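Right, one structure below, let's go through it.
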Amino acid sequence: MPDIETEAPAIFRGMLRDVVACSDYAEVCQLLGLVPAGPDVDEIEHYQSHMRIEEFLPVAAEALSHADVAANVLYRLTRMGECEEEADERAQAMFHFVTRTACTAVIAHLLQKGILEIGDES
């Protein structure tokens, strides 16, 4: 388990890097009040993000299909007891976006750290 005091800022930056488009990363960091990394560190973080996502790709279809199920579960749980019968497509889409994004970032980081390994399916 990560030491929250020492590792959380690096994990946050890495996950942010993984979920924000490369072209928008600097602007998003500024909007969030993060101190920008220097050019050398930025280049390394950018490269590491691409490597994490590349390592995730072999399990992406399976992982994201599970994320979609989780999105449906969470969406339905948040709407329990509401009178509306009709689904809120915008809210459903947001749940799918959030769960897929979180799933990708978490699995990619755990793969990079060696906590998870992609095994042979046979």
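Bear in mind the structure is a predicted one, so any value in this text is a computation, not a measurement.
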Pairwise distance [atom1]([X]) to [atom2]([Y]) - rounded to 0.5 angstrom:
X: Ile11; Y: Leu16; atom1: CD1; atom2: CG; value: 13.5 Å
X: Arg13; Y: Glu45; atom1: CZ; atom2: CD; value: 4.5 Å
X: Ile53; Y: Asp18; atom1: CD1; atom2: CG; value: 4.5 Å

Who clusters with Tyr75? Use side-chain heavy atoms, under 4.5 angstrom, across I, L, V, M, F, W and Y, and order the result by chain and number.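 Joined to Tyr75, directly or through intermediates: Leu74, Phe95.
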Listed by chain and number, what are the side chain to side chain donor-acceptor pair (under 3.5 Å) partners of Asp68, not counting sequence neighbours?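 Checked Asp68 against side chain to side chain donor-acceptor pair (under 3.5 Å); matches are His96, Arg100.
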Carboxylate-amine/guanidinium proximity below 4.0 Å for Asp42 and Arg17: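 Judged by the 4.0 Å cut-off on N to carboxylate O distance, Asp42 and Arg17 do form a salt bridge.
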Between Ala63 and Cys103, what is the shortest heavy-atom contact and its length?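 Smallest heavy-atom distance, with atoms named: O-SG, 3.6 Å.
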Show every donor-acceptor pair shorter than 3.5 Å between a side-chain atom in residues 19-28 and any protein atom, with sequence neighbours excluded, or say none if there are none.
none

Residues, nucleotides or ligands: over 12 heavy atoms within 6.0 Å of Met94 CE: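 Check fails, neighbour count at 12 or below.
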Counting only heavy atoms not in His66, do more than 12 fall under 6.0 Å of its NE2?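 For His66, atom NE2 is not crowded (no more than 12 foreign heavy atoms under 6.0 Å).
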For Met15 and His109: C-alpha separation, side-chain torsions, deciding distance, then whether side chain to side chain contact (heavy atoms under 4.5 Å, CB included) applies. CA-CA 8 Å; Met15 287 192 173; His109 277 256; 3.5 Å; yes
Linked, directly or transitively: [X] and [Y] (ILVMFWY side chains, under 4.5 Å):
X: Leu116; Y: Ile118; value: yes
X: Ile107; Y: Leu110; value: yes
X: Ile115; Y: Phe56; value: yes

